[in-house]
Amino acid sequence: MAHLFEPFKMRDVSFRNRIAVSPMCQYSSTNGFANDWHLVHLASRAVGGAGLVLTEAAAVEPRGRITPQDLGIWSDAHIEGLAKTVALIHNFGAVAGIQLAHAGRKASTAKPSKGGKVLDESQDGWRSLISSSAIAFSKESPIPEALSLEGIQQIIQAFVEAAKRSLQAGFKVIEIHAAHGYLLHQFLSPLVNHRQDDYGGSLENRTRLLREIVEGVRKVWPETYPLLVRISATDWVDKGWDIEQSIDLSDKLKSLGVDMIDSSSGGIIPGINVPIKPGYQTQFAERIRREANIYTGAVGLITSPEQADQLIRTEATDIVLLGRELLRNPYWPHLAAKQLGHEKLWPVQYDRAWL
Ligand SMILES: Cc1cc2nc3c(=O)[nH]c(=O)nc-3n(C[C@H](O)[C@H](O)[C@H](O)COP(=O)(O)O)c2cc1C
């Protein structure tokens, strides 16, 4: 029976355990560049023992940043800083992955520590937002432009170019961000996508943009490397995107070369009541895994070693992604191994921690 510390392999990439650092914006970049913060923050989680270290959402276009301080990968100049971080993560035994993202109509907001409000040009923001349809996210948000067919092709190309740069930077995993109400989710969800062309209406049409991005990325991403997609398995809203559509999508994505669905939820419209409690989203990872027969990652209030181990042992998921718990404690994987009675994984330099 697999357990939390059982090594895991996808394609030709091996992970030392089933623990991943969930993507988390650091709001620390200038013009999208990775810097010392990203290096130390992400490499610390590799030293801490995670098997997979994912970067925060990296924007494939400048207008696709959630905040002006987001990480980016829209130009070749971004490669060098990312490459340094990747090399350190790999030196310390974890696999480095990057989350490729576009915020769509949820772009141009202040970072949470500055209140998270919509920014205009005078505040380093930008008003030229895009989405599937010309519907604003909130009363405060600008009305986005509904992407033209030509605009859609440019977005696909932006993801493909970002994937090529990710490879040059040395990443071994790409995760495409199609969750949390950002651009690709804005195409998936009928709550936002009111298009009447080939990219709106039926499930087939609403999933078309994501499928075309996956096809494009797969062509430039080595066959030996895994490709992940993060989705919101449900909008938590009647008549919205739901688990049945997620299972159907996951099945389609599998046939296009996606290896794992990272199963999160929510974010498409403001003011939704999400029943948050420990492991509140893991049921979705479990159903996608079983019904679409694809590897899954479970995320959301997974904080205790027993809880994480149990999710793997009961085959609810193949990996767990931890967010805030790994912010609080980068050494969580080592402590979890100790607590669960596994062989000591602690770095030799820290041996005396136990004396
Ligand atoms: C500070 C912060 C930044 C986040 N940024 C991202 C992000 O860039 N991409 C993403 O998919 N999710 C992001 N998330 C969501 C986390 O990846 C994770 O799904 C969520 O926090 C739930 O997991 P947790 O309960 O273990 O924290 C962020 C969460 C936090 C707390």
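Each ligand, and each atom within it, is numbered from 1 in the order the structure gives.
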Between Pro144 and Arg105, what is the shortest heavy-atom contact and its length?
CG-CB, 3.8 Å

Sub-4.0 Å protein heavy atom next to atom 2 (C) of ligand 1:
yes

Considering only non-hydrogen protein atoms, determine which one is nearest to atom 18 (C) of ligand 1 and report residue, atom name and distance to 0.1 Å.
Ser22 OG, 3.6 Å

Under 4.0 Å from ligand 1, counting heavy atoms only, is it the side chain of Glu325, its backbone, both or neither?
neither

Does Arg289 pair with Glu286 as a salt bridge, N-O distance under 4.0 Å?
no

Side-chain ion pair, Asp259 and Arg218, N-O less than 4.0 Å
yes

For atom 19 (O) of ligand 1, closest protein heavy-atom neighbour:
Arg230 NH1, 3.2 Å

Pairs in or reaching into residues 113-144: which pass ring pair (Phe, Tyr, Trp, His ring centres under 6.0 Å), with residues at least two apart or in two chains?
none

First locate atom CZ of Arg324, then atom CG of Leu327, and finally report the distance between them rounded to the nearest 0.5 Å.
9.0 Å

A student checking ligand 1 against Val299 at a 4.0 Å heavy-atom cut-off should list atoms 18 (C), 19 (O), 23 (O)

I'd like to check which ligand 1 atoms, numbered from 1 as shown, lie under 4.0 Å from a non-hydrogen atom of Ala57.
8 (O)

In ligand 1, which numbered atoms sit nearer than 4.0 Å to a non-hydrogen atom of Gln99?
7 (C), 8 (O), 9 (N), 10 (C), 11 (O)

Residue, atom and distance of the protein heavy atom nearest atom 5 (N) of ligand 1 read Cys25 N, 2.8 Å

Students should be able to answer this: which protein heavy-atom is nearest to atom 14 (N) of ligand 1, and at what distance?
Pro23 O, 3.3 Å

Which ligand 1 atoms does His180 reach within 4.0 Å, using its non-hydrogen atoms?
10 (C), 11 (O), 12 (N)

Ligand 1 atoms in contact with Leu301 (distance to a heavy atom under 4.0 Å)
24 (P), 25 (O), 26 (O)

Relative to the ring of Trp236, is the ring of Phe284 parallel (under 30°), tilted (30 to 60°) or perpendicular (over 60°)?
perpendicular

Salt bridge (charged side-chain N to carboxylate O under 4.0 Å, His left out) contacts touching residues 326-337 (sequence neighbours left out)
Glu325-Arg328

For ligand 1, which atoms sit closer than 4.0 Å to a heavy atom of Gly300?
22 (C), 23 (O), 25 (O)

